[in-house]
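Structure, as structure tokens:
Whatever order the structure lists them in is the order used to number ligands and atoms, beginning at 1.
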Amino acid sequence: MTTARVRIAPSPTGPLHIGTARTALFNYLYARHVGGTFILRLEDTDVARSTPEFEEDILEHLHWLGLEWDEGPAAGGLPERGAFGPYRQMARRELYRAAAERLLAADQAYPCYCTADELDAERHRLEAAKLPPRYSGRCATLTPAERARFEAQGRRPAIRFRIQPGVVVFDDLVRGRVEIDAAALGGDLVIVRADGTPLYHFGVVVDDAAMGITHVIRGEDHLSNTPKHILLFRALGYPVPVFAHLPLILNLDRTKMSKRRSQTAMKDYIAEGFVREALVNYLALLGWSTGTEEEILSLDDLVGRFDTGAIQKGGAIFDRQRLEWLNGQWIRRLADDDLAARLAPFLEAETAARRTDRTPSRAEIVALLPMIRERLPVLAAIGDLVGFLYVEDLVTDAALLVPKRWDAATARAGLLAARAVIEDAGEADFTVPALEPALRGLADARGWKAGDLFMAIRVAISGRTATPPLFESMVALGRERTSARLARAADALAA
Ligand code: GLU
């Protein structure tokens, strides 16, 4: 055990973002690797955008990924865990108020009476002059009489923290020495709004200190916030935690992944049938690697190998194809029963969409696995692969029934001849090892290319030109239904 304490601090203003999941994972891995504590804190002070639904989505999916937190808020019927609660910022407002009072008393902060309109006008003036946005400091030196006058006008002040000049220096675990001039921080910083709610920068510092956070591991998008936080930690007399900024997650074209242009919600990946093992494995590789060729790593493997020293600085490219490949690898590794249980809802969705009332049993799904397991980049692909098994009235496009080198009459003859082979052979020979030579023999005898005959049969039984292996598909469909579909397709071709 060490005393390391790390946290994930999501704002419930959207569903769990893959970037947040990656940050949560790295914090989790660090905590588990060193025997520290992993904390979940909800930063819900953006009241207008935070919702209970987003909160639930975030907690549910972190839990689904297996990133169990040691301390965190009451959720999903479970009580709050940990001695540093409450773990929701809106329930901690008293702490922020007390901390703000301390800063005011020490003149490290001051009341700011500027209205939103005044600040907007100030910003526009700077923009027009092509200058970076920066608070003018108008309220920094108000006399008590001036403050009283604003109060008398009914203005309610925000609280601003005085940003002292100087260079803020820190040693980032990923980026090494970082130096940022306080002059670049935009001037004195609002820490509490006029309505009393804390701003992110303030809440995060007060809570990280109060919760004893030793390492702040978060996305590089926060790098420019860190000097503000360090100045606040110091002003409040708190120890400054160690920082580690994780590389940005980028699209293939190296643009920043944004929720508008990229698929970023964890729930959308889950809905497609990415399995948790693959998502965890993939997220871990977004900015970190073992330094070896090893790619398939379980959560436990990752805990064992994790090392902040191996986190990369450069942007981490999100490559969906690689994620799909990893997903396929993990799907191959799952035990039959486990995989069947995970596939069942996807297959049920497919059968419901096709309006059949045949819900496949777990045993039926297990029986299908040998022919589909290697063909599933995502679990949802099962619908396309085997949906045809569960339709009573297969609707087939007659044009597809005629392979390129054939005409309709040949296709019809081929389908009827194949049906005759099946009928003659009987139930006992309706097996993969028996069907294949029988149908190849038929093609040879008639001078057809086996591929053409097989294509016509494939379309007749499935309605599609691509299926799992043909003979396995026929066996899965059953002799009677196969025979009936061949007959029906032949009818469809009768001129
Ligand atoms: N609530 C912040 C966010 O979601 C937390 C950032 C941090 O880890 O400090 O981005």
Side-chain angles (χ1 to χ4, degrees), residues 4-31 36-51 54-59 61-62 67 69 71-73 84 86-93 95-96 168 170 172-175 178 180 185 189 191 193 197-233 236 238 240-249 256-259 264-266 283 287 308 311:
R5 291 173 59 84
V6 296
R7 80 324 189 256
I8 180 73
S11 303
T13 54
L16 180 63
H17 188 288
I18 49 170
T20 309
R22 196 261 319 241
T23 301
L25 173 63
F26 279 47
N27 277 280
Y28 174 91
L29 294 177
Y30 182 74
T37 304
F38 175 52
I39 296 150
L40 184 125
R41 176 176 76 228
L42 286 167
E43 302 207 325
D44 56 354
T45 57
D46 184 346
V47 182
R49 289 168 60 228
S50 297
T51 72
F54 289 145
E55 189 178 304
E56 203 180 296
D57 181 283
I58 292 168
L59 299 180
H61 293 133
L62 287 174
L67 307 182
W69 47 94
E71 296 179 18
F84 295 77
Y87 293 88
R88 278 189 172 79
Q89 288 194 320
M90 284 305 276
R92 301 173 63 82
R93 278 173 294 178
L95 268 100
Y96 314 129
V168 183
F170 63 98
D172 188 277
L173 280 185
V174 178
R175 315 192 64 82
V178 178
I180 299 180
L185 300 182
L189 181 73
I191 53 174
R193 295 184 190 89
T197 52
L199 273 98
Y200 156 67
H201 299 300
F202 195 49
V204 79
V205 167
V206 171
D207 285 346
D208 282 345
M211 295 183 176
I213 300 302
T214 57
H215 297 69
V216 171
I217 304 171
R218 61 185 172 192
E220 192 187 307
D221 44 330
H222 287 289
L223 188 63
S224 60
N225 295 330
T226 297
K228 298 176 186 171
H229 299 176
I230 290 175
L231 292 174
L232 278 164
F233 277 111
L236 287 162
Y238 296 142
V240 179
V242 174
F243 289 93
H245 288 91
L246 308 177
L248 294 180
I249 302 178
K256 196 177 165 214
M257 243 188 153
S258 72
K259 63 177 173 226
T264 57
M266 183 55 67
L283 291 174
T308 51
I311 298 174

According to the side-chain hydrogen bond (donor to acceptor under 3.5 Å, both in side chains) rule, which pairs have a member within residues 203-217, sequence neighbours left out? R7-D208, Y30-H215, R41-D208, Q89-D207, R92-D207, Y96-D207

Write out all pairs satisfying side-chain hydrogen bond (donor to acceptor under 3.5 Å, both in side chains) with one or both partners inside residues 219-233, taking only residues at least two apart or from two chains. R175-E220, Y200-H222, H201-H229, R218-T226, R218-H229, H222-N225, T226-H245

Checking the side chain of N27 only, and the main-chain atoms of I8 only, is there a donor and an acceptor separated by less than 3.5 Å? no

Applying ring pair (Phe, Tyr, Trp, His ring centres under 6.0 Å), can you list everything that pairs with F202, at least two apart in sequence or on another chain? none

Taking the side chain as every heavy atom from C-beta outward, state whether L246 and I311 have any atom pair closer than 4.5 Å. yes

Contact residues of ligand 1 (heavy atom under 4.0 Å), by chain and number: R7, A9, S11, E43, Y200, V204, R218, H222

Derivation and outcome, salt bridge (Lys or Arg N to Asp or Glu O under 4.0 Å), residues R5 and E71: CA-CA 10 Å; R5 291 173 59 84; E71 296 179 18; 2.8 Å; yes

